[in-house]
Protein chains: 2
Amino acid sequence: MPADEPTASRLAKAGVRPTQQRLLVLHALAEEPHDATAQDIYARLREGEARVGLATVYRTLALLSERGIVHELAHRAGETCYRLCGPGHHHHLVCSSCHGVEELRGCDIDPWLARASRPHGFLARSHTLEVYGLCAKCAA
Amino acid sequence: MPADEPTASRLAKAGVRPTQQRLLVLHALAEEPHDATAQDIYARLREGEARVGLATVYRTLALLSERGIVHELAHRAGETCYRLCGPGHHHHLVCSSCHGVEELRGCDIDPWLARASRPHGFLARSHTLEVYGLCAKCAA
DNA sequence: ATAATTGCAAAGCGTTTGCACCCTG
DNA sequence: CAGGGTGCAAACGCTTTGCAATTAT
């Protein structure tokens with residue numbers, strides 16, 4: 001089953017067997033304008049002619065997240081959101097109105113962080129930053 | 001039922017009736033070295049002689065969170081963590097080893113954020129930042 | 001052929017809710 | 001006395017898991 005070389009090889013390189021349903025999940029995620037839950041993806045796939053089980057969607061998202069192919073966000077309590085992100089360190093601009101997500105690159109707060117946490121004797125290693133506000137469309 | 005003036009009046013000022021179980025929940029939370037889930041608090045209270053229902057703990061934490069008396073953190077997926085924080089804007093230094101939480105004050109990344117999000121046409125309004133690393137004790 | 005993957009349905013968990021009783025104001 | 005607060009247990013919704021059938025290499 002070819003039809004989708006780039007995505008398939010991306011999976012293969014990550015040591016994930018590129019099955020039909022995994023590609024479907026990945027495609028569905030790619031089409032989401034903002035991050036989506038497992039149930040969202042499942043519903044989206046069911047709308048079409050796709051035959052994928054809910055459990056498979058959960059398993060797939062967990063696997064892809066573990067392999068770093070998708071990112072797991074936790075802004076909503078009670079359910080996990082997933083998003084297909086570009087590579088490298090970045091943060092998210094989350095629109096409070098349309099819930100769209102944009103990536104904010106060029107994060108240079110590490111030096112600031114290191115300085116700020118020094119008085120605490122705290123050794124900063126990583127951080128998460130999410131920004132809420134209005135995207136260009138919704139601000140208009 | 002006096003015995004706990006400061007906490008009680010703090011609740012009263014927030015328009016929350018200072019009942020016995022609300023004070024118990026608040027005290028339990030104050031004694032937690034790091035943030036705790038509703039179930040954590042419930043278990044802690046049950047260890048003692050306190051007679052508080054689980055539902056009450058959930059309702060209380062939700063109410064206190066809504067009133068800004070406790071903060072709701074979402075680092076763990078699947079369950080909501082709560083923490084009794086000082087006032088004002090601040091962030092958290094979360095120790096990856098002991099899971100202790102320290103408050104990081106003096107957050108001045110807003111100007112940086114505003115600048116960074118401008119090219120996106122994004123209007124930043126608020127943000128969340130959590131820093132992971134090692135606290136002074138664990139780094140030693 | 002062999003081992004991984006999938007689907008279904010049941011089980012698990014954290015959380016919420018209905019309702020009668022209790023307590024506070 | 002009136003109305004919010006509480007406790008219990010049942011109901012919920014999201015997620016995980018057991019197991020037999022299916023599919024990929």
Side-chain angles (χ1 to χ4, degrees), chain A residues 1-5 7-26 28 35-46 49-67 69-70 72-82, chain B residues 1-5 7-9 11-26 28 35-46 48-67 69-70 72-82:
Chain A
M1 172 154 335
D4 188 17
E5 252 320 301
T7 310
S9 64
R10 185 173 178 191
L11 288 183
K13 279 175 192 164
V16 175
R17 204 189 280 185
T19 66
Q20 196 173 145
Q21 21 292 75
R22 284 172 182 170
L23 294 175
L24 285 169
V25 168
L26 217 34
D35 50 353
T37 64
Q39 310 256 5
D40 290 336
I41 300 291
Y42 177 68
R44 204 76 71 195
L45 290 174
R46 280 287 163 123
E49 76 306 315
R51 46 209 161 81
V52 185
L54 177 57
T56 298
V57 174
Y58 274 101
R59 285 189 278 233
T60 298
L61 289 171
L63 177 66
L64 296 181
S65 167
E66 189 181 293
R67 293 301 209 283
I69 296 174
V70 304
E72 195 169 300
L73 306 186
H75 23 88
R76 189 172 304 201
E79 46 189 8
T80 308
C81 294
Y82 294 91
Chain B
M1 169 133 347
D4 187 19
E5 251 320 300
T7 310
S9 64
L11 289 183
K13 279 173 191 164
V16 175
R17 206 191 281 183
T19 66
Q20 196 173 147
Q21 12 306 65
R22 284 173 181 169
L23 294 175
L24 284 169
V25 168
L26 216 35
D35 49 353
T37 65
Q39 311 255 4
D40 290 338
I41 299 291
Y42 177 68
R44 204 76 72 195
L45 289 174
R46 280 287 162 123
E49 75 306 316
R51 47 209 160 81
V52 184
L54 178 57
T56 298
V57 175
Y58 275 101
R59 284 189 279 232
T60 298
L61 289 172
L63 177 66
L64 297 181
S65 167
E66 189 181 293
R67 293 300 210 282
I69 296 174
V70 304
E72 197 168 301
L73 306 186
H75 22 90
R76 189 172 303 202
E79 47 187 8
T80 308
C81 294
Y82 295 90

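Note on naming: letters A, B, ... go to the chains in the order of the sequence lines (proteins, then strands), and numbering restarts at 1 for each one.
The interatomic distance linking B:Leu63 (CG) with C:dT16 (P) rounds to 13 Å, in whole Å. When rounded to the nearest whole Å, the span between OH of A:Tyr42 and P of D:dG13 equals 16 Å. In this structure, A:Tyr58 atom OH and D:dG13 atom P are separated by 13 Å, rounded to whole Å. Atom CZ in A:Arg51 sits roughly 18 Å away from atom P in C:dT5 (whole-Å rounding). Between the OH atom of A:Tyr82 and the P atom of D:dC14 there is a distance of 14 Å, rounded to whole Å. In this structure, B:Leu54 atom CG and D:dC8 atom P are separated by 10 Å, rounded to whole Å. Regarding B:Arg17, its CZ atom lies at a distance of 5 Å from the P atom of D:dG5, rounded to whole Å. The nearest whole Å value for the distance from the CZ atom in A:Arg67 to the P atom in C:dA4 is 13 Å.
Here A:Gln21 lies in heavy-atom contact (under 4.0 Å) with sugar-phosphate atoms only.
Mapping A:Arg22 and B:Gly78 onto DNA chain C via the closest heavy atom, the residue that lands nearer the 5' end is A:Arg22.
For the residue pair A:Leu45 and A:Ala50, the shortest heavy atom distance occurs at O-CB, 3.4 Å. Minimum interatomic distance between B:Leu23 and B:Pro18 (heavy atoms only, all atoms of both residues): CD1-O, 4.3 Å.
Listed nucleotides D:dA9, C:dC8, C:dT6 differ in distance to A:Ala55; the shortest reach to its side chain belongs to C:dC8.
Taking 4.5 Å as the limit, some side-chain heavy atom of B:Arg22 sits within range of a side-chain heavy atom of B:Leu11.
Here the CZ atom belonging to A:Arg10 is positioned 9.0 Å from the CG atom belonging to A:Leu64, to the nearest 0.5 angstrom.
Overall, the helix from C:dA1-D:dT25 to C:dG25-D:dC1 carries an axis bend of 40° between its ends, with five pairs at each end and the value rounded to 10°.
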Cut-off 3.5 Å, no hydrogens considered: what does the side-chain donor-acceptor table look like for residues 35-42 of chain A, sequence neighbours left out?
residue, atom, partner, partner atom, Å
A:Asp35, OD2, A:His75, NE2, 2.7
A:Thr37, OG1, A:Gln39, N, 3.4
A:Thr37, OG1, A:Asp40, N, 3.1
A:Thr37, OG1, A:Asp40, OD1, 3.4
A:Thr37, OG1, A:Asp40, OD2, 3.1
A:Gln39, NE2, A:Tyr58, OH, 3.0
A:Asp40, OD2, A:Thr37, N, 2.9
A:Tyr42, OH, A:Arg46, NH1, 3.3
A:Tyr42, OH, A:Arg46, NH2, 3.4

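Using a 4.0 Å cut-off, no side-chain N or O of A:Thr19 falls inside it from OP1 or OP2 of C:dT5. Residue A:Arg59 places no side-chain N or O under 4.0 Å from the OP1 or OP2 atom of D:dT15. The shortest distance between the side-chain N/O atoms of A:Thr80 and the OP1/OP2 oxygens of D:dT15 is below 4.0 Å.
Enclosure of atom CZ in A:Arg67 by more than 12 non-hydrogen atoms of other residues, nucleotides or ligands within 6.0 angstrom is indicated.
Here the side chain of A:Arg44 pairs no donor or acceptor atom with the backbone of A:Ala28 at under 3.5 angstrom.
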